[in-house]
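This report refers to the structure that appears directly beneath it.
Counting begins at 1 with the first residue of the sequence.
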Amino acid sequence: MAKLFFRYGAMNSGKSTALLQVAHNYEERGLAVVLVKPQVDTKGNDQIVSRLGVTRAADIVLPPGMDLRALVEAFGAKQVASSPALACVLIDEAQFLTPEQVDQALEIAVFDGLPVVAYGIRTDFRTRAFPGSQRLLEVAHALEEMKTICRCGEKAIFNARLTDHGVTREGEQVMIDGVDASYEALCGRCYLSMLQL
């Protein structure tokens with residue numbers, strides 16, 4: 001049986017890079033993949049952007065109200081005519097999925113037999129779960145933490161939103177890194193210490 005995987009980590013833990021590597025691995029073996037990016041993520045427009053500088057166009061830019069399963073099915077139907085059938089669904093910035101879209105990703109794995117690998121962060125800059133991430137933590141068959149380090153060398157687990165005055169817990173939940181706001185991955189000690197400044 002195919003599975004829904006949630007690979008999560010703080011910012012700068014290599015999630016988009018890993019997604020692009022997985023896509024390459026499938027395609028190198030003659031297998032087709034579909035790359036999905038939520039429309040909410042405006043960084044790079046329709047491109048999946050790795051901090052290493054590697055980019056690739058998403059096959060599906062997913063609006064919040066659209067049915068992920070239906071769009072993947074339509075994409076797969078187009079692919080069959082010109083290339084191998086779909087072998088995997090790869091989702092970048094999965095925290096921006098709606099809970100309903102996560103359920104649709106689960107249906108893709110369970111009913112359509114396609115592995116779905118979703119990459120994203122668990123929590124926002126206030127340490128609150130994104131709705132998509134929360135649902136992925138609830139229903140994914142497999143969870144994998146991707147690690148990165150804090151400025152102090154410890155494991156980073158929080159995504160701090162930075163201002164001219166330090167770390168803030170104020171503002172909208174969704175502000176895109178490098179577009180609307182700046183973020184830094186921090187360990188618990190550095191995150192809490194910077195909040196007290």
- Message: Using side chain to side chain contact (heavy atoms under 4.5 Å, CB included), reason through L4 and L136 one step at a time and then give a plain yes or no.
- Response: CA-CA 9 Å; L4 170 59; L136 281 160; 4.0 Å; yes
- Task: Could you please spell out the steps behind the salt bridge (charged side-chain N to carboxylate O under 4.0 Å, His left out) verdict for E154 and R189?
- Result: CA-CA 9 Å; E154 295 294 321; R189 180 182 302 278; over 6 Å; no
- Query: Yes or no on side chain to side chain contact (heavy atoms under 4.5 Å, CB included) for I121 and K15, after CA distance, side-chain angles and deciding distance?
  - Reply: CA-CA 9 Å; I121 57 178; K15 297 176 299 296; 3.7 Å; yes
- With hydrophobic residues grouped by side-chain heavy-atom distances under 4.5 Å, do I149 and M194 end up in a single group? no
- Query: Where is the tightest heavy-atom contact between F6 and G120, given as atom of each residue plus distance?
  - Reply: CE1-N, 3.8 Å
- Closest non-hydrogen atoms of R135 and P99, given as atom of the first, atom of the second and distance, are CG-O, 3.8 Å
- Query: Counting only heavy atoms not in E73, do more than 12 fall under 6.0 Å of its CD?
  - Reply: no
- Item | Gap between atom OG of S50 and atom CD of Q21 - 0.5 Å precision | 10.5 Å
Under 3.5 Å donor-acceptor pairs involving side-chain atoms of residues 62-70, not counting sequence neighbours:
unit_1: D67; atom_1: OD1; unit_2: R69; atom_2: N; d: 2.9
unit_1: D67; atom_1: OD1; unit_2: A70; atom_2: N; d: 2.9
unit_1: R69; atom_1: NE; unit_2: D112; atom_2: OD2; d: 3.0
unit_1: R69; atom_1: NH2; unit_2: D112; atom_2: OD1; d: 2.9

- To the nearest 0.5 angstrom, please state how far the CD atom of Q95 sits from the OG1 atom of T123. 10.0 Å
- Note: I91 and A105 closest approach over all heavy atoms is CD1-CB, 4.4 Å
- Connected via hydrophobic side-chain network under 4.5 Å: V34 and F111: yes
- Where is the tightest heavy-atom contact between L143 and Y8, given as atom of each residue plus distance? CB-CE2, 4.2 Å
- Determine yes or no for a side-chain-to-main-chain donor-acceptor pair under 3.5 angstrom, with E28 supplying the side chain and N25 the backbone. no
- Item | ring pair (Phe, Tyr, Trp, His ring centres under 6.0 Å) partners of residues 141-164, not counting sequence neighbours, each pair once | F158-Y191
- Message: I'd like to check D124 versus N159 (side-chain heavy atoms, cut-off strictly below 4.5 Å). Are they in contact?
- Response: no
- Message: Who clusters with V22? Use side-chain heavy atoms, under 4.5 angstrom, across I, L, V, M, F, W and Y, and order the result by chain and number.
- Response: F5, L19, L20, Y26, L31, V33, L35, I48, V54, L90, V117, Y119, M146
- Do the non-hydrogen side-chain atoms of K3 and P115 ever get within less than 4.5 Å of each other? no
- Query: Is it the case that T148 and S13 place a side-chain donor and acceptor less than 3.5 Å from each other?
  - Reply: no
- Message: Taking V49 as the starting point, is it possible to reach Y183 by hopping between hydrophobic residues whose side chains are less than 4.5 Å apart?
- Response: no
- Does the pair R51 and M11 meet the rule for a side chain to side chain contact (heavy atoms under 4.5 Å, CB included), with working shown? CA-CA 10 Å; R51 292 180 194 276; M11 299 180 86; 3.4 Å; yes
- Query: What is the minimum heavy-atom distance between I157 and K155, and which atoms define it?
  - Reply: CG2-CE, 3.5 Å
- Taking all non-hydrogen atoms of both residues into account, name the closest pair between Q47 and R56 and its distance. OE1-C, 3.2 Å
- Message: Test your reading of the model: is there a side-chain donor-acceptor pair from T42 to the backbone of N45, 3.5 Å cut-off?
- Response: no
- Looking at side-chain heavy atoms only, is the closest gap between I60 and F75 below 4.5 Å? yes
